[in-house]
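Note sheet for the following structure.
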Amino acid sequence: MNEDAYKNIFLTMLRIRQTEEKIVSVYAEQNMRTPTHLSIGQEAVAAAVCQALEPQDQVFVSHRCHAAYLARGGCLDAFFAELCGRVTGSSRGRAGSAHLSSVEKHVFASPILGAMIPVAVGAALSFFMDRLPKIAVVFFGDAAVEEGVFSESLNFAVLKKLPVLFVCENNLYSTHSPLSVRQPPSPIYERIRVPELLSRQTDGNDAVRLYQTVSDLIPRVRQGDGPAFLECLTYRIREHVGPLFDYDRGYRSQEEVESWMERCPIQRLQEFITGQGIMTQDEIEEKRKEWSGQAEASYQKALKSPWPEGNTLLENVY
Amino acid sequence: MNEDAYKNIFLTMLRIRQTEEKIVSVYAEQNMRTPTHLSIGQEAVAAAVCQALEPQDQVFVSHRCHAAYLARGGCLDAFFAELCGRVTGSSRGRAGSAHLSSVEKHVFASPILGAMIPVAVGAALSFFMDRLPKIAVVFFGDAAVEEGVFSESLNFAVLKKLPVLFVCENNLYSTHSPLSVRQPPSPIYERIRVPELLSRQTDGNDAVRLYQTVSDLIPRVRQGDGPAFLECLTYRIREHVGPLFDYDRGYRSQEEVESWMERCPIQRLQEFITGQGIMTQDEIEEKRKEWSGQAEASYQKALKSPWPEGNTLLENVY
Amino acid sequence: MRTLSYKDAISEALVQAMDNDPDIFIFGLGVDDYKGIFGTTREAYRRFGPERVFDTPASEGALMGITLGAAVNGKRPVMVHARNDFMFLALDQLLNNAAKWKYVYAGKTSVPCLVRGIVGKGWGQGVTHSQNIQAVCAHVPGLHVAVPSSPYLAKGLILQALQTDGPVVILESRALYDTVGPVSEEMYTFDFGKAHVCRRGKDVTVVATSLMVPEALKAAGILEAHGIDLEIIDPVSLQPMDERTIIESVKKTGHLICVDNDWLRCGFSAEVAAVVADQAFGSLKKPVKRIGWAFSPCPVSKTLEDRFYPSCQNIIETVLHLLDRDVPYNKECALTTDTFLGPY
Amino acid sequence: MRTLSYKDAISEALVQAMDNDPDIFIFGLGVDDYKGIFGTTREAYRRFGPERVFDTPASEGALMGITLGAAVNGKRPVMVHARNDFMFLALDQLLNNAAKWKYVYAGKTSVPCLVRGIVGKGWGQGVTHSQNIQAVCAHVPGLHVAVPSSPYLAKGLILQALQTDGPVVILESRALYDTVGPVSEEMYTFDFGKAHVCRRGKDVTVVATSLMVPEALKAAGILEAHGIDLEIIDPVSLQPMDERTIIESVKKTGHLICVDNDWLRCGFSAEVAAVVADQAFGSLKKPVKRIGWAFSPCPVSKTLEDRFYPSCQNIIETVLHLLDRDVPYNKECALTTDTFLGPY
Ligand SMILES: Cc1ncc(C[n+]2csc(CCOP(=O)(O)OP(=O)(O)O)c2C)c(N)n1
Ligand SMILES: Cc1ncc(C[n+]2csc(CCOP(=O)(O)OP(=O)(O)O)c2C)c(N)n1
Ligand SMILES: [Mg+2]
Ligand SMILES: [Mg+2]
């Protein structure tokens with residue numbers, strides 16, 4: 001068993017959670033003028049997958065992108081500064097939450113559904129052509145598979161046996177629309193399967209299983225067996241965009257949300273971590289405070305950071 | 001056994017073949033200034049499928065659309081006139097070959113790959129909403145399944161259980177590109193399958209089997225079981241666009257073309273028809289001449305027909 | 001007259017049209033959810049239920065083709081995009097198929113359908129949620145394209161669209177959704193191809209689209225105090241375009257400023273300038289001016305976003321420049337008050 | 001100087017660039033087949049083989065994203081569309097993703113890639129195989145867009161594109177593929193943002209794009225005999241656009257006619273007119289004129305197709321109208337000789 005890996009995954013999840021909880025607590029202050037899609041409840045996916053990556057691998061993400069940014073070790077100061085529109089942000093205030101990136105850590109997000117899927121395939125094509133041992137990973141939601149570009153990209157990747165891992169975070173909803181009004185009842189990982197594709201489904205809230213699954217898939221992808229698809233069953237706890245709860249809005253029940261809160265991936269891994277003696281409850285609490293404090297510090301630092309100069313508006317258009 | 005049906009299918013195929021052979025023989029005259037994709041060798045698909053349709057059903061087609069137009073009983077005079085750009089053409093000279101239509105017979109073609117697939121689904125949606133016992137059929141090539149709009153349309157049709165029959169004429173090539181450079185090796189009907197979809201493959205040059213297959217599928221589609229997908233294995237004998245043979249061009253061998261000529265769907269059905277005593281060889285030869293004569297007559301009539309008036313250019317833009 | 005917000009005017013138009021015409025249905029991502037496309041499809045869903053107002057998969061390309069296929073069969077679909085930026089995915093179907101259908105099939109069938117797209121603005125919508133697809137739609141023959149600037153026009157245009165024999169694109173401005181104005185309770189239509197003279201004036205013609213209309217009117221109010229009299233024309237529909245009204249106005253004033261909610265390059269503002277430079281050339285006293293977005297993607301940061309968008313103040317400065325005037329107008333009044341608090 | 005056809009110039013540019021830069025590869029439907037995109041990719045395939053010149057599935061949307069992903073990683077993909085009409089399927093990736101990449105990620109990565117699209121014309125190409133996507137591409141910030149009108153420019157622009165640090169769209173004219181002109185064997189580049197003055201003259205400025213350049217030159221030849229001296233400017237790149245050269249010319253001639261290979265509405269011709277009506281207003285003696293396609297989809301029938309496209313004769317008539325002249329020019333010479341015998 002890989003104690004270090006689980007510990008890292010756990011710490012990453014904790015860091016994502018504490019960072020996003022900070023956003024929750026300050027979003028109403030209107031310092032973050034950027035529509036923000038929180039990953040609270042879905043942290044295990046990014047944390048476990050990224051744990052299995054190498055530093056040079058590339059990661060492409062949808063609108064719900066904070067978790068992957070943080071899991072890859074994206075800079076926290078640059079994160080809060082970007083959300084606050086400051087020039088110290090990772091994109092100097094141009095991108096906001098939805099187009100978040102860490103060029104250093106090879107993470108790029110776009111909120112157009114499905115948009116990053118072919119980009120990941122193109123990255124993988126370049127690795128293949130240049131015979132580099134890198135892989136591309138793309139995270140997307142259950143709605144992105146409804147975009148035609150998904151199947152086009154999958155076909156191309158399978159055809160060329162490209163090193164790309166497709167990770168579908170199936171949280172059962174697209175905004176407020178349940179899967180049942182968008183797709184037939186069969187599971188996504190079966191429906192999108194083609195005979196030549198490695199396609200799996202896993203509990204997206206079980207970091208241990210998730211990590212085992214990706215640890216099996218990724219070496220195969222990397223060594224040239226072709227792409228793999230992984231459907232992770234998970235759940236978004238907060239509203240689609242913004243920091244609030246929304247179970248009073250009619251599209252899902254409080255019971256449903258609560259049942260998923262009980263399956264909290266952090267809680268679950270925490271039990272495992274403490275049970276295995278990898279960390280103690282106290283150590284964890286300390287870490288929780290540490291990440292929380294770091295988030296607060298980065299946020300405060302962002303607020304003291306300068307705004308972009310108006311006359312830089314046209315920079316980097318060409 | 002349905003003698004009438006096979007006879008009709010056979011006559012339809014013969015009519016398509018004789019009509020297209022007329023195009024072959026006159027294309028060099030430059031009276032048909034319109035890029036033309038012949039169905040020679042693929043006639044069985046349109047003929048058998050359309051035989052199983054009701055008059056009010058709707059048919060949508062790709063660039064390779066003559067066979068469906070003729071199989072539905074589209075007017076031959078209007079066909080040649082359209083190819084010759086005359087005002088008596090089915091679209092008064094606006095459409096040419098690639099956008100051929102017979103509004104009366106509910107046939108519409110477009111050469112943008114995949115373009116008609118969602119349109120067929122939209123037609124089927126209207127039948128469903130209006131509780132009409134009609135179905136929509138869409139014919140497309142093996143390349144159209146590579147367009148994202150195909151999988152989007154399939155998902156929507158399956159989700160809503162719409163009465164649409166997807167007919168893929170797999171002739172192994174997209175222009176000069178073999179399937180192997182465009183798609184993984186597994187068969188299309190398996191690769192695009194989702195558990196909720198009726199998906200079949202059939203020999204597209206065997207009109208009898210084809211008719212049996214669609215006779216099984218269409219009632220299910222019509223009665224609300226949801227859409228069906230049918231892959232028909234067939235082969236284009238002439239060049240992709242235009243009237244010539246092209247086995248000297250390197251992308252496919254003469255042997256391959258000839259082996260498919262031996263599997264000519266018309267020849268095959270003819271043996272069946274004569275063997276079963278449905279028609280005699282003489283009756284068939286007479287029909288062959290009749291269709292050939294009709295094609296020649298319609299072509300000559302087209303050439304004597306008026307051109308569209310220049311001042312009607314802007315008609316029907318709005 | 002009764003007043004209504006822009007979004008409620010849209011909602012009312014949809015409900016009234018659906019009441020009259022059972023073939024109308026509304027579909028698109030989230031049209032039936034509790035937010036109901038910022039309130040515009042909520043009432044229709046309540047009244048007509050899930051058979052006529054229904055959610056869809058995220059498949060913009062196919063959905064446009066589905067719209068077309070249903071329209072050809074006598075339905076009258078209303079396809080909704082919460083951001084018109086998503087319509088880039090639907091352009092093949094919209095431009096290669098829907099816009100050409102009637103023409104290429106020689107007028108034997110038509111395509112009565114409405115595509116609603118919302119143009120985002122502000123609060124960090126960012127590079128992919130704040131664009132305007134109007135110029136692309138107006139460039140290609142076959143579509144009606146309209147951009148309502150007021151609740152009154154929003155209702156009239158939607159009702160017009162829902163009785164038009166062809167594909168219509170209506171691009172609404174998210175920033176106008178809460179603006180209020182007089183709207184008759186009756187059903188009424190506002191013709192495509194008819195501009196709306198929002199203010200008569202004699203000194204400068206300002207052609208302003210969508211959310212730039214209120215900015216232009218504000219500018220006119222401020223300049224009036226200084227004896228400068230703007231004529232404000234809202235083209236309302238970009239295709240067909242009411243060239244006549246604009247030309248007549250410029251013939252009177254001798255000055256044109258076109259203020260668009262878009263990039264300038266190959267945009268609708270260029271078209272207005274070109275039409276005027278041709279057909280009202282003899283009356284023009286000064287260069288034709290255009291005001292629009294900075295030529296960059298729309299950034300998130302507020303300091304940059306504020307620079308990206310033109311405002312009332314740009315209009316005033318341009319007018320003063322054209323007229324060679326320098327007046328001490330109240331710059332405070334000319335600020336755009338942005339009350340939108342996100343997220344979309 | 002050596003002469004070469006337009007298509008061979010493109011081919012040579014690709015081969016030379018690929019020889020120099022191992023990161024360049026070409027892909028798209030049929031790039032490796034025996035026709036090789038009307039001869040433009042044949043030699044590259046022969047020279048560099050299937051690793052660098054390869055066929056693709058018919059997935060225009062994804063292919064643009066794949067182009068982008070490879071470009072971000074230091075490759076220099078050349079994506080080819082045998083008709084630019086198919087690019088409507090790729091516009092989401094091109095405009096929402098590629099055009100904005102450098103900006104939204106703050107310039108930390110760039111996207112060196114080239115998209116080639118061919119604009120069809122004649123022999124019944126029909127409504128979906130004869131459009132021009134240039135205006136859409138030039139409207140949105142972030143792309144370089146160029147439309148070569150000669151073999152010389154075709155080579156220079158492709159070589160320029162293949163050393164440009166961002167996404168480039170080059171739209172070639174199928175009707176020009178067999179035209180021949182001087183082309184240096186050396187590698188050379190033609191800068192984006194630089195217009196080409198094809199003919200110096202003093203009476204009327206004619207800004208003509210792509211295949212309208214030869215038509216304009218023909219008109220100039222015919223009118224010369226009548227003492228009328230046209231200045232012909234090929235803008236070459238639509239984005240960035242060389243406003244200066246056009247403005248200076250109009251300042252000299254006082255007259256502008258813009259002849260575009262596209263619809264006029266919200267097109268590049270409107271942009272040229274707008275720029276001139278603003279920045280060269282004081283020099284303009286007459287209304288700004290535009291010549292382009294009829295405002296309909298492009299029909300198949302020859303009688304209609306001939307009406308749809310503008311020709312040398314339209315240019316001559318417009319010049320004479322502007323100058324209030326009536327000369328008995330040779331109408332035969334002004335006909336467009338169409339030698340294209342199909343199919344694509
Ligand atoms: C092309 C496109 N269509 C629609 C949208 C609007 N939109 C943004 S997020 C979202 C829901 C996506 O659901 P899913 O992919 O399941 O991701 P989740 O939000 O559940 O993480 C939608 C519809 C968009 N951004 N892009
Ligand atoms: C969107 C689009 N991309 C490319 C083309 C060019 N094209 C026309 S026909 C064709 C081949 C299509 O192959 P297939 O679908 O198998 O039909 P077939 O010609 O074999 O009948 C191609 C690539 C097109 N018309 N539309
Ligand atoms: Mg989801
Ligand atoms: Mg084929």
Side-chain angles (χ1 to χ4, degrees), chain A residues 27-28 30 32-37 82-87 89 91-99 110-115 141-149 174-179 181-183 239-242 246 249-251 306-318, chain C residues 27-37 42 50 54-65 82-83 85-90 92-93 120 122-131 263 293-309 338 340-344:
Chain A
Y27 204 61
Q30 290 278 334
M32 299 174 179
R33 286 172 72 264
T34 174
T36 297
H37 308 82
E82 189 60 33
L83 266 53
C84 294
R86 306 309 167 108
V87 75
S91 275
R92 306 175 66 78
R94 272 70 177 171
S97 165
H99 283 271
S110 163
I112 295 290
L113 290 181
D142 43 289
V145 304
E146 298 156 12
E147 296 286 356
V149 77
S174 163
T175 312
H176 313 114
S177 311
L179 267 172
V181 303
R182 303 179 284 117
Q183 299 175 28
E239 59 185 337
H240 167 68
V241 55
D246 65 356
R249 297 317 182 97
Y251 77 94
W307 295 93
E309 298 285 341
N311 61 11
T312 64
L313 176 61
L314 300 184
E315 269 178 14
N316 294 315
V317 177
Y318 285 96
Chain C
F27 68 151
L29 277 75
V31 294
D32 63 351
D33 74 13
Y34 74 90
K35 290 191 174 167
I37 312 291
R42 195 76 199 118
F54 55 89
D55 213 341
T56 62
S59 309
E60 286 82 359
L63 288 170
M64 189 62 228
R83 279 292 176 276
D85 312 62
F86 310 153
M87 288 172 63
F88 284 115
L89 287 161
D92 172 64
Q93 284 294 329
W123 214 83
Q125 301 298 299
V127 303
T128 53
H129 281 62
S130 57
Q131 297 166 95
W263 293 297
W293 299 345
F295 201 63
S296 76
C298 177
V300 160
S301 181
K302 180 146 176 54
T303 54
L304 298 172
E305 216 183 40
D306 286 346
R307 275 246 188 167
F308 175 83
Y309 286 108
D338 190 356
F340 182 59
L341 292 183
Y344 280 117

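In what follows, chains are A, B, ... by sequence order, proteins preceding strands, each numbered from 1.
- Considering all non-hydrogen atoms of both residues, C:A58 and A:L113 come closest at CB-CD1, 3.6 Å.
- Only the backbone of A:E309 comes within contact range of chain C, with heavy atoms under 4.5 Å apart.
- For the atom pair CG (A:D246) and OH (C:Y34), the distance works out to 5.0 Å, reported to the nearest 0.5 Å.
- Taking 4.5 Å as the limit, some side-chain heavy atom of A:Q30 sits within range of a side-chain heavy atom of C:W123.
- Shortest non-hydrogen contact noted between A:L314 and C:A294 is CD2-CB, 4.2 Å.
- Pairing each heavy atom of A:P308 with each of C:S301, the nearest pair is CD-OG, 3.2 Å.
- The shortest distance between side-chain heavy atoms of A:S177 and C:L29 does not fall below 4.5 Å.
- Side-chain contact between A:T312 and C:L304 is present, with heavy atoms from C-beta onward closer than 4.5 Å.
- When C:E60, C:K302, C:E305 are compared by the number of non-hydrogen pairs under 4.5 Å with chain A, C:K302 comes out ahead.
- With a threshold of 4.5 angstrom between heavy atoms, A:H240 does not approach chain C through any atom at all.
- To the nearest 0.5 Å, atoms CG (C:D306) and CH2 (A:W307) are separated by 9.5 Å.
- No donor-acceptor distance shorter than 3.5 angstrom exists from the side chain of C:S296 to the backbone of A:V317, with no hydrogens or angles considered.
- The neighbour count for A:R33 CZ, taken as heavy atoms of other residues, nucleotides or ligands under 6.0 Å away, is above 12.
- Contact count against chain C (heavy-atom pairs under 4.5 Å) is highest for A:E146 among A:E82, A:E146, A:Q183.
- Comparing A:N316, A:T175, A:V145, A:I112 by how many heavy-atom pairs each has under 4.5 Å with chain C, the most go to A:I112.
- Heavy atoms closer than 4.5 Å to chain C are found in both the backbone and the side chain of A:N311.
- Taking C:V127 as the reference, A:H99, C:P297, D:K100, D:Y103, D:V104 meet the side-chain contact (heavy atoms from CB on, under 4.5 Å) condition, with sequence neighbours excluded.
- When each of C:L89, C:D85, C:T56, C:L341 is checked for heavy-atom pairs under 4.5 Å with chain A, C:L341 comes out on top.
- If you tally non-hydrogen atom pairs under 4.5 Å between each of C:F295, C:F308, C:F86 and chain A, the highest count goes to C:F295.
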Given C:D32 and A:H176, is the side-chain contact (heavy atoms from CB on, under 4.5 Å) satisfied, shown in steps? CA-CA 9 Å; C:D32 63 351; A:H176 313 114; over 6 Å; no
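- Ranked by non-hydrogen atom pairs under 4.5 Å with chain C, the options A:G93, A:G242, A:G89 are led by A:G93.
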